[in-house]
Participant: 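Right, I'll just put the structure down here and ask away after.
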Amino acid sequence: MKAFLKGFVYAGRGFWFCLRHERNFRIHLAAAAAVLALAPFFRLTRGEWAALILTLALVIGAEALNTAVEQAVDLASPGHHPKARAAKDAAAGAVLVCAAGAVGVGIALFFRPAVWAALWTGLLARPWLFAAPLLFAALALWFIIGGGVKGDPKP
């Protein structure tokens, strides 16, 4: 049981590493937060929520795996090597495929012009509500740009 619980500690450390060292990981988390904040306005079905959550998890998980590949390749091949580059490029390509799929899912779920029009009309009727998305955007930028540590991770 103790080893089982340690697995969660290791996973948490991996998540924390990605959060602190990978700007793209923070970008994906900020995008996921924005999507999850907007999703309730679209009255998604349970199946649509499931698709959305699985899609977000897939992209964030792919980014974490990309980080793992990059770290392992850098450890095994500190110099430039064509196979090291190929491994890192393939891992980044996997993230790109997942992100492109997420855009497709997003279009399928959120391409509802009537809902967007109602959201826009609601914002125009209460201009003070513009503060919420502006504050979110400012916090997201701060999180993405300033949320990491500088330099290579400690061994």
Side-chain angles (χ1 to χ4, degrees), residues 4-44 46-81 83-112 115-116 119-120 123 128-155:
F4 174 75
L5 294 176
K6 276 189 173 183
F8 287 101
V9 172
Y10 301 146
R13 281 196 328 219
F15 185 88
W16 182 247
F17 179 88
C18 290
L19 185 68
R20 297 290 291 156
H21 294 277
E22 295 297 324
R23 183 183 61 230
N24 288 345
F25 191 81
R26 293 189 301 274
I27 290 170
H28 291 302
L29 285 177
V35 167
L36 290 172
L38 276 174
F41 294 104
F42 289 82
R43 302 184 196 274
L44 301 177
R46 289 175 67 174
E48 290 170 330
W49 273 106
L52 179 63
I53 291 167
L54 283 171
T55 300
L56 296 175
L58 178 68
V59 172
I60 292 167
E63 188 63 52
L65 284 172
N66 181 47
T67 298
V69 168
E70 287 177 352
Q71 292 296 312
V73 167
D74 288 347
L75 180 63
S77 181
H80 293 286
H81 192 281
K83 288 188 178 185
R85 188 189 80 217
K88 291 169 99 173
D89 289 352
V95 175
L96 180 62
V97 169
C98 293
V103 169
V105 170
I107 290 169
L109 293 177
F110 299 118
F111 185 70
R112 301 181 190 179
V115 176
W116 286 106
L119 283 171
W120 184 247
L123 280 175
W128 56 271
L129 285 177
F130 274 104
L134 291 176
L135 179 61
F136 177 84
L139 288 173
L141 279 175
W142 171 80
F143 174 68
I144 291 165
I145 295 168
V149 293
K150 305 301 179 247
D152 285 332
K154 295 178 185 173

Participant: Could you tell me the separation between the CG atom of L109 and the CG atom of L38, rounded to the nearest 0.5 Å?
Facilitator: 12.5 Å
Participant: How far does CG of D74 sit from NZ of K88, to the nearest 0.5 angstrom?
Facilitator: 3.5 Å
Participant: Would you say the rings of W16 and F25 are close, in the sense that their centroids are separated by under 6.0 Å?
Facilitator: no
Participant: Does atom CH2 of W142 have more than 12 heavy-atom neighbours from other groups under 6.0 Å away?
Facilitator: no
Participant: Of all heavy-atom pairs between A92 and N66, which one has the smallest distance, and what is that distance?
Facilitator: N-OD1, 3.2 Å
Participant: Within this structure, what is the NE2-CD distance for the pair H21 and E70, rounded to the nearest 0.5 Å?
Facilitator: 13.0 Å
Participant: What are the two closest non-hydrogen atoms of L19 and R26, and how far apart are they?
Facilitator: O-NH1, 2.9 Å
Participant: Is there a donor-acceptor pair closer than 3.5 Å between any side-chain N or O of S77 and the backbone N or O of V73?
Facilitator: no
Participant: Are V95 and H28 close enough that some pair of their side-chain heavy atoms sits under 4.5 Å apart?
Facilitator: yes
Participant: Of the non-hydrogen atoms in V59 and C98, which two are nearest, and what is the gap between them?
Facilitator: CG2-O, 3.5 Å
Participant: Is there side-chain contact between V149 and F17, with at least one heavy-atom pair below 4.5 Å?
Facilitator: no
Participant: Measuring from atom CH2 of W116 to atom CZ of F41, what distance do you get when rounded to the nearest 0.5 angstrom?
Facilitator: 10.0 Å
Participant: For R85, does the CZ atom sit with more than 12 other heavy atoms under 6.0 Å from it, leaving out its own atoms?
Facilitator: no
Participant: How close do W49 and A39 get, counting heavy atoms only, and between which atoms?
Facilitator: CH2-CB, 3.4 Å
Participant: How far does CG of L139 sit from CD1 of I144, to the nearest 0.5 angstrom?
Facilitator: 11.0 Å
Participant: Going from CG on N24 to SG on C18, what distance comes out if it is rounded to the nearest 0.5 angstrom?
Facilitator: 11.0 Å
Participant: Search all heavy atoms of A30 against all heavy atoms of F136 and return the closest pair with its distance.
Facilitator: O-CZ, 3.6 Å
Participant: Decide yes or no for Q71 and L75: does some side-chain heavy atom of the first lie under 4.5 Å from some side-chain heavy atom of the second?
Facilitator: no
